[in-house]
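Note sheet for the following structure.
Quick note on labels: first sequence line is chain A, next is B, and so on, each numbered from 1. What you see below is based on every heavy atom in this structure, not just the backbone, and it leaves out hydrogens, waters and symmetry mates.
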Amino acid sequence: MLKRVHFGPSVLPFLLVAPQIIITLVFFIWPTSHALYQSLLIEDAFGLSTEFVWFENFEVLFEDEHYLGAFERTTIFSLLVASSSMGFSLVLAAMADRVIKGSMAYRTFLIWPYAVAPVVAGALWVFMLDPTLGILTYGLGAMGYEWNHKLNGGEAMGLVVVAAAWKQVAYNFLFFLAAMQSIPKSLIEAAAIDGAGPVRRFCTIIFPLISPTTFFLLVVNVVYAFFDTFGIIHAVTQGGPAKSTEILVYKVYNDGFVGLDLGGSAAQSVILMIIVIGLTVIQFKYIEKKVEY
Amino acid sequence: MIENRPFITVFCHLFLLLGVAIIAFPIWITFVAATHDAVRMVQIPLPLWPGDQFFENLDQTWNAGIAGGVNQGVAVMMFNSLVMAMMIAVGKIAISLLSAFAIVYFKFPFRMGFFWLIFITLMLPVEVRIIPTFEVVANLNMLNTYWGLSIPLIASATATFMFRQTFLTIPDELLEAARIDGAGPMRFFIDILLPMSRTNIAALFVILFIYGWNQYLWPLLITTDQNMNTIVMAIKQMLEAAEQAPQWNVIMMTTLLAMLPPVAVVIFMQKLFVKGLTETEK
């Protein structure tokens, strides 16, 4: 990765990397190592005494049914967000790939929610589903369904999933459409000559050929649901009612900043970090296969 | 078009229009809510068609803000968001360009060590290390400052990687030619590398501007002073105020304003946006 023709050693390259390295050390490496260290400590609520306890924080976590519950909830949440958002955008992309006129216009109208902040997406949906005033609540009420996400945990989960998935459709659509448009037309034509209809062509040619993109998007969507949806949860449900939407990231924040259980919160951070590292490694493995230099 | 089946084509168009409608419906409702007065916004059912209070709401939101909540117009917050987004985007691009240049074009001790150090940051999103990072920023007296808002977010492996890729595709002959003409490293960087990476810089800027503008958790933690609030984090405070007295016309006007700049960037710079999005993922 070094250029064949390059400059020799001098002070200059150190000066060039210095800004990035200093910021990385001060704001990334130091806080992370601090979190690692803190995850091995127990501190009393007033910060007067600390005790080094090895892995006790982790043991406590894995026996804590609230934590295990949050783990399970996060898994369900991210799978729901990923599957609903990817499913919807896959169908839309297949249609947009088929129509010739206007496919770029559809793209413009479908990709802009990418730019909407998660918390803003949450605000839009909580307004439409407000238990007393919401316009969708009114519609559901007319159909005989009483919606109240402030009381019903399942409905609260539904609300945050819809808001999170709505925003992510744009991203998935863009990547699915690009993948479909890069499939050689001759393959599709050959299948059509052999008598395969549109649905069959989609199932036996298009879908298998875009599977690397599908896998990549799955990882991206899971990472998104794990971390970027904090704003939605925090602004819309605060993890409630009765912890029914408390996902891992929200719990780290809540236990650390609100509950002031620093050791426990740090231990949760460490577990999240391991999850991110795992997902990043999976993502890079896939990319190395796809991109050839 | 493989076969001519008008029925299927019409069906596709209808389905796509339905998709666009589902995606756009929340925005339509938001816009409608921002054009009615507070009294109309508590009568069930809520309107589906715009009213005539758009500019009154805009005026109140921009200058006065929500009653009973943050007593401050969103103009200040828009400005704070803009400064933060610009600092993050420009800062990230600047430090990544420099470090990618050093790593690709110089042979020096610890080169790979630095590279891996930058690589690790990819695995540490701010959400997993919030408390210690907050402590660092507090110790550096950077709470409630633009520096505190932006600097901890500007170290980024993705931007460095992207520039590294770009530099690697630039032919070696250019450096040889520049050397023969007597150009030093910085001259080569400014006169040849920068102009050649112009599109990449622009594409990355679009993505990073959106990233910076939409930051939520970090501003929430480190700004305690109202004058430093960003518009995205203000939405949460307004939703809280709505629990007591719903003023959905003002809240929805604020969400409209909060999404306007990044959405405008996506729509008007679509080419750069798509390029940036697909390239940073590599």
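- Looking at Val116(A), the atoms closer than 4.5 Å to chain B (heavy atoms on both sides) sit in the backbone and in the side chain alike.
- Most heavy-atom pairs under 4.5 Å with chain A, from the set Ala33(B), Ala258(B), Pro185(B), Pro262(B): that is Pro185(B).
- For a residue to count as touching a neighbouring chain, one of its non-hydrogen atoms must lie under 4.5 Å from one of that chain's; by this rule Leu279(A) does not touch chain B.
- Ranked by heavy-atom pairs under 4.5 Å with chain A, the list Ala94(B), Pro152(B), Ala100(B) is led by Pro152(B).
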With side chain to side chain contact (heavy atoms under 4.5 Å, CB included) as the criterion, how do Trp248(B) and Asp130(A) come out once you've worked through the C-alpha distance, each side chain's angles and the decisive distance to 0.1 Å?
CA-CA 11 Å; Trp248(B) 286 107; Asp130(A) 187 88; 3.7 Å; yes
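- Only the side chain of Phe119(B) comes within less than 4.5 Å of a heavy atom in chain A; its backbone stays farther off.
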**Message:** If you apply the rule side chain to side chain contact (heavy atoms under 4.5 Å, CB included), what do you find for Thr255(B) with Phe127(A), and how did you get there?
**Reply:** CA-CA 11 Å; Thr255(B) 54; Phe127(A) 171 56; over 6 Å; no
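- In this structure, the side chain of Asn214(B) engages the main chain of Ala115(A) through a donor-acceptor pair within 3.5 Å.
- Side chain of Trp166(A) to main chain of Ile23(B): a donor-acceptor pair is present (N/O by atom type, distance under 3.5 Å, no hydrogens or angles).
- When the shell of 6.0 Å around CZ of Arg187(B) is examined, it contains 12 or fewer heavy atoms from other residues, nucleotides or ligands.
- Contacts of Ile210(B) with chain A are made by side-chain atoms alone, with heavy-atom separations under 4.5 Å and no backbone atom involved.
- Within the 4.5 Å cutoff, the side chain of Ile120(B) has no heavy atoms near those of the Phe28(A) side chain.
- Contact of Leu220(B) with chain A is made through the side chain alone, with heavy-atom distances under 4.5 Å.
- With chain A as partner, the option from Ile235(B), Leu175(B), Leu97(B) having the largest number of non-hydrogen pairs under 4.5 angstrom is Leu175(B).
- Pairing each heavy atom of Pro26(B) with each of Trp125(A), the nearest pair is CG-CZ2, 3.7 Å.
- Of the two parts of Ile22(B), the backbone and the side chain both hold a non-hydrogen atom closer than 4.5 Å to a non-hydrogen atom of chain A.
- Looking at Thr254(B), neither its backbone nor its side chain comes within 4.5 Å of chain A, counting heavy atoms on both sides.
- For Pro198(A) against Ile8(B), the heavy-atom pair with the smallest separation is CG-CD1, 3.7 Å.
- Contact annotation for Gln238(A): only side-chain heavy atoms (C-beta onward) come within less than 4.5 Å of a heavy atom of chain B.
- The CD1 atom of Ile23(A) sits 3.5 Å away from atom CD1 of Ile154(B), with the distance rounded to the nearest 0.5 Å.
- Of the inter-residue distances, the one linking Gln270(B) atom CD with Met104(A) atom CE reads 8.0 Å to the nearest 0.5 angstrom.
- Only the side chain of Tyr216(B) has a heavy atom closer than 4.5 Å to any heavy atom of chain A.
- For Trp28(B), the CH2 atom sits in a packed shell: over 12 heavy atoms of surrounding residues, nucleotides or ligands are nearer than 6.0 Å.
- With a threshold of 4.5 angstrom between heavy atoms, Met128(A) approaches chain B through side-chain atoms but not through N, CA, C or O.
- The shortest side-chain heavy-atom distance between Trp30(A) and Thr133(B) does not fall under the 4.5 Å cut-off.
- Contacts between Met252(B) and chain A at a heavy-atom distance below 4.5 Å involve the side chain alone, from C-beta outward.
- Between atom OH of residue Tyr106(A) and atom NE2 of residue His13(B) there is a gap of 5.0 Å, rounded to the nearest 0.5 Å.
- Note that the OG atom of Ser10(A) and the CZ atom of Phe106(B) stand 5.5 Å from one another [nearest 0.5 Å].
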_Assess the residue pair Tyr114(A) and Val263(B) against the criterion (side chain to side chain contact (heavy atoms under 4.5 Å, CB included)); give the C-alpha distance rounded to whole Å, side-chain angles, the decisive distance to 0.1 Å, and a yes or no._
CA-CA 8 Å; Tyr114(A) 174 84; Val263(B) 169; over 6 Å; no
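- Nearest heavy atom pair, residue Pro31(A) against residue Val136(B), reads CG-CG2, 4.2 Å.
- If you measure heavy-atom distances from Phe134(B) to chain A, the contacts under 4.5 Å come from the side chain alone.
- Of the inter-residue distances, the one linking Ile21(A) atom CD1 with Phe115(B) atom CZ reads 11.0 Å to the nearest 0.5 angstrom.
- With a 4.5 Å cut-off on non-hydrogen atoms, Pro109(B) touches chain A through its backbone and its side chain both.
- Looking only at heavy-atom pairs under 4.5 Å with chain A, the residue among Val274(B), Val232(B), Ile27(B), Asp172(B) that has the most is Asp172(B).
- For chain B, no part of Val223(A) is nearby; none of its heavy atoms comes within less than 4.5 Å.
- Both the backbone and the side chain of Tyr253(A) come within contact range of chain B, each with at least one heavy atom under 4.5 Å from a heavy atom of that chain.
- A donor-acceptor pair under 3.5 Å is formed between the side chain of Lys236(B) and the backbone N or O of His234(A).
- Two residues are said to be in side-chain contact when any heavy atoms from C-beta on lie closer than 4.5 Å; Phe25(B) and Leu136(A) meet this criterion.
- With a 4.5 Å cut-off on non-hydrogen atoms, Leu174(A) touches chain B through its side chain but not through its backbone.
- Looking at Ile29(B), both its backbone and its side chain come within 4.5 Å of chain A, counting heavy atoms on both sides.
- Contacts between Leu15(A) and chain B at a heavy-atom distance below 4.5 Å are absent for every atom of the residue.
- For the set Leu18(B), Leu140(B), Val20(B), the entry with the most heavy-atom pairs within less than 4.5 Å of chain A is Val20(B).
- The environment of CZ in Phe109(A) is sparse: at most 12 heavy-atom neighbours from other residues, nucleotides or ligands sit within 6.0 Å.
- Here the shortest heavy-atom pairing between Leu117(B) and Thr24(A) reads O-CG2, 3.8 Å.
- Both the backbone and the side chain of Leu92(A) come within contact range of chain B, each with at least one heavy atom under 4.5 Å from a heavy atom of that chain.
- Taking the side chain as every heavy atom from C-beta outward, Val119(A) and Leu239(B) never approach each other to under 4.5 Å.
- Contact count against chain A (heavy-atom pairs under 4.5 Å) is highest for Arg179(B) among Glu135(B), Met186(B), Arg179(B).
- For a residue to count as touching a neighbouring chain, one of its non-hydrogen atoms must lie under 4.5 Å from one of that chain's; by this rule Ser33(A) does not touch chain B.
- Only the side chain of Phe273(B) comes within contact range of chain A, with heavy atoms under 4.5 Å apart.
- Put simply, CG on Leu98(B) and CD on Gln20(A) are 9.0 Å apart, with the number rounded to the nearest 0.5 Å.
- Neither the backbone nor the side chain of Leu153(B) comes within less than 4.5 Å of any heavy atom in chain A.
- If you measure heavy-atom distances from Gln215(B) to chain A, you find no contacts under 4.5 Å at all.
- Neither the backbone nor the side chain of Ile271(A) has a heavy atom closer than 4.5 Å to any heavy atom of chain B.
- The environment of OH in Tyr138(A) is sparse: at most 12 heavy-atom neighbours from other residues, nucleotides or ligands sit within 6.0 Å.
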